[in-house]
Amino acid sequence: QFLKDENISFTGKINGNFDRMVGSNIKISLSEGSSFEGKVNVRNVLSPKEELINLKVNKLYISEKSLKKTISLVNLDSSLTKLEFLNFNGTFDGFLNNFVAFGNVNSGLGKANLDLHLNIIGGKELASYMGNIGIADFKLGKFLNQPQIGNVSLNASIANGKGFSSKTASADFSAVVKSFEFKQYA
């Protein structure tokens with residue numbers, strides 16, 4: 001469903017079999033503008049829920065259209081569409097629903113560097129997460145639909161994170177706020 005009616009361009013070199021594949025100089029582009037450049041190491045491709053993925057991402061760009069499809073497919077909160085797009089470089093290690101991501105992210109709302117572990121095996125209600133994130137000039141007011149709030153920059157640590165819905169979300173969170181705009185005051 002996700003890639004239905006999508007034109008895909010692929011270049012690169014892949015060696016191995018479905019139990020273990022290694023790809024180098026991989027470039028993938030979708031007709032809606034999303035793209036990937038980097039190295040790929042994949043194991044157990046034909047074993048559902050056992051696919052192990054190790055990515056070295058030089059560039060991952062997720063267009064607004066792809067972001068909306070992904071959020072709907074994974075059943076995440078629709079407010080994430082306000083990010084508009086995602087541009088990531090770094091590493092991704094693990095399974096599609098239980099992974100560690102380390103790197104830098106840019107979106108339509110701001111920039112972040114992250115070192116996160118996310119487990120969404122049980123869906124958004126039972127998701128668990130932990131890690132560190134640095135946020136620079138994030139347009140928090142736009143994300144929350146609160147025009148009196150402006151940009152925020154901070155460094156944060158998240159531990160014992162559980163759930164992504166307003167009913168189930170809880171976490172131990174600590175942050176150092178570098179800047180915060182409220183009613184145009186910083």
Side-chain angles (χ1 to χ4, degrees), residues 2 34 36 38 49 51-64 66-186:
F2 179 69
S34 295
F36 169 86
K49 299 183 182 177
E51 310 93 337
L52 182 61
I53 303 168
N54 305 103
L55 301 175
K56 168 63 176 116
V57 181
N58 297 331
K59 178 183 175 187
L60 172 64
Y61 177 78
I62 301 174
S63 68
E64 185 172 13
S66 291
L67 183 61
K68 287 178 180 179
K69 282 183 183 180
T70 302
I71 289 167
S72 176
L73 180 70
V74 181
N75 199 25
L76 294 174
D77 192 289
S78 62
S79 66
L80 293 173
T81 60
K82 294 176 188 175
L83 295 171
E84 299 172 8
F85 66 88
L86 293 174
N87 197 4
F88 174 79
N89 69 302
T91 59
F92 175 100
D93 291 301
F95 304 93
L96 291 175
N97 56 4
N98 186 3
F99 59 87
V100 173
F102 177 82
N104 300 299
V105 179
N106 293 317
S107 77
L109 295 182
K111 301 175 184 178
N113 56 48
L114 53 93
D115 183 359
L116 298 174
H117 174 240
L118 176 64
N119 180 335
I120 54 174
I121 291 173
K124 71 179 180 180
E125 299 291 328
L126 301 174
S128 64
Y129 43 93
M130 60 184 273
N132 298 301
I133 186 166
I135 297 173
D137 297 321
F138 183 76
K139 296 173 180 70
L140 183 61
K142 185 174 180 182
F143 183 73
L144 298 174
N145 292 323
Q146 298 293 324
Q148 71 274 20
I149 298 174
N151 293 358
V152 64
S153 295
L154 59 85
N155 289 323
S157 292
I158 303 166
N160 303 314
K162 294 182 175 67
F164 279 125
S165 73
S166 58
K167 294 177 185 174
T168 62
S170 71
D172 297 330
F173 181 82
S174 64
V176 174
V177 178
K178 295 179 178 181
S179 66
F180 179 78
E181 296 173 356
F182 183 73
K183 294 187 177 182
Q184 299 181 353
Y185 293 99

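In this text, all values refer to a predicted model and were calculated from it rather than measured experimentally.
Taking each heavy atom of D115 and V100 in turn, the nearest pair found is OD1-CG1, 4.3 Å. When all heavy atoms of L154 and V177 are compared, the pair lying nearest together is CB-CA, 3.9 Å.
Pairs passing the salt bridge (Lys or Arg N to Asp or Glu O under 4.0 Å) check and including a residue from residues 146-156, sequence neighbours excluded, do not occur. For residues 159-180, no pair satisfies salt bridge (Lys or Arg N to Asp or Glu O under 4.0 Å), with sequence neighbours left out. Residue pairs satisfying the salt bridge (Lys or Arg N to Asp or Glu O under 4.0 Å) criterion with at least one member in residues 137-153, sequence neighbours excluded, are listed as follows: E84-K142.
In this structure, the ring-ring contact (aromatic ring centres under 6.0 Å, His included) partners of F138, at least two apart in sequence or on a different chain, are F143. Considering only residues two or more places apart in sequence or on other chains, S107 meets the side chain to side chain donor-acceptor pair (under 3.5 Å) condition with none of them. Every residue two or more places apart in sequence or in another chain that forms a ring-ring contact (aromatic ring centres under 6.0 Å, His included) with F85 is listed here: Y61. In this structure Q146 satisfies the side chain to side chain donor-acceptor pair (under 3.5 Å) test together with Q148, sequence neighbours excluded. Among residues two or more places apart in sequence or in another chain, the side chain to side chain donor-acceptor pair (under 3.5 Å) test is passed with N98 by H117. In this view, D93 and N54 satisfy the side chain to side chain donor-acceptor pair (under 3.5 Å) rule, not counting sequence neighbours. Partners of E64 by salt bridge (Lys or Arg N to Asp or Glu O under 4.0 Å), not counting sequence neighbours, listed by chain and number: K68. By the side chain to side chain contact (heavy atoms under 4.5 Å, CB included) test, N97 pairs with F95, I120, I121, sequence neighbours left out.
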Could you go through residues 127-134 and list every donor-acceptor pair under 3.5 Å that involves a side-chain atom there, pairing it with any protein atom two or more places apart or in another chain?
{"residue": "Y129", "atom": "OH", "partner": "G163", "partner atom": "O", "Å": "2.9"}
{"residue": "N132", "atom": "OD1", "partner": "S157", "partner atom": "OG", "Å": "2.7"}

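Contact annotation: the side chain of L80 never approaches that of K82 to less than 4.5 Å [non-hydrogen atoms, C-beta and beyond]. Side-chain contact between V57 and T91: absent, with no pair of heavy atoms (C-beta onward) separated by less than 4.5 Å. K59 has its side chain within reach of N87: a pair of non-hydrogen atoms, C-beta onward, lies under 4.5 Å apart. Taking the side chain as every heavy atom from C-beta outward, L86 and N106 never approach each other to under 4.5 Å.
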Go through the steps for V105 and L114 under the test side-chain contact (heavy atoms from CB on, under 4.5 Å), then give the verdict.
-> CA-CA 8 Å; V105 179; L114 53 93; 3.4 Å; yes
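Just one residue in the list F102, F36, F99 forms a ring-ring contact (aromatic ring centres under 6.0 Å, His included) with F92, and that residue is F99.
Distance check, rounded to the nearest 0.5 Å: CD1 of I149 to CG of N151 gives 11.0 Å. Of the inter-residue distances, the one linking L67 atom CG with S34 atom OG reads 8.5 Å to the nearest 0.5 angstrom.
Remark: side-chain polar atoms of T70 are paired, donor with acceptor, to backbone N or O of S66 under 3.5 angstrom.
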